[in-house]
Amino acid sequence: MCLGVPGQIKDIYERDGARMGKVDFGGIIKEVCLDFVPEVMVGDYTIVHVGFAITQLDEQSAMETLALFEEMGVLEEELLAAPEVGTSDESQSPRGVT
């Protein structure tokens with residue numbers, strides 16, 4: 001399965017010339033590329049597909065979609081199967097970054 005998953009941006013930084021961020025997907029935090037959504041800020045919600053944020057969305061839509069994915073049981077499957085954009089060990093953690 002290959003879904004676009006909504007998440008909240010927790011941190012934004014630059015790595016190797018790319019705008020990157022830590023995004024929280026209902027408790028699972030992943031490193032994603034933010035180059036396609038230069039307007040997003042920390043606290044905003046975005047949809048991430050294969051490690052790239054592709055659009056911004058409002059909080060209510062993000063929460064409804066995450067709840068639906070959780071109900072369907074596809075959220076962890078999708079996030080744990082998604083390829084990592086980053087190379088840090090932190091992004092490999094299935095339950096967040098410390």
For residues [X] and [Y], determine if any side-chain heavy atom of one lies less than 4.5 Å from a side-chain heavy atom of the other.
X	Y	result
Y45	P6	no
I47	L57	yes
V5	F69	yes
F25	V48	yes

- prompt: Is F36 atom CZ crowded by more than 12 heavy atoms from other residues, nucleotides or ligands, each under 6.0 Å away?
  reply: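 No - once you tally the heavy atoms of other residues, nucleotides and ligands closer than 6.0 Å, there are 12 at most.
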- [ ] Decide if atom CD of E71 counts as having more than 12 heavy atoms of other residues, nucleotides or ligands within a radius under 6.0 Å.
- [x]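 Atom CD in E71 is not packed in, count stays at 12 or less.
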Quick one: does any side-chain atom of T65 pair with a main-chain N or O of S61 as donor and acceptor, under 3.5 Å?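 Yes, the answer is positive, given that a donor and an acceptor are paired below the 3.5 Å cut-off.
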* Asked: Is the backbone of T46 close enough, under 3.5 Å, to the side chain of Q56 for a donor and an acceptor to pair up by distance?
  ->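 Here the side-chain-to-backbone pair does not exist.
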request  = Let me see the working for D24 and K10 under side chain to side chain contact (heavy atoms under 4.5 Å, CB included), right down to the final yes or no.
outcome  = CA-CA 7 Å; D24 183 350; K10 295 296 189 182; 3.6 Å; yes
Hey, what do you get for [atom1] ([X]) to [atom2] ([Y]), rounding to the nearest 0.5 Å?
X	Y	atom1	atom2	result
Q8	I29	CD	CD1	10.0 Å
E14	L34	CD	CG	11.5 Å
D35	R19	CG	CZ	8.0 Å
E31	K22	CD	NZ	4.5 Å
E59	E64	CD	CD	11.0 Å

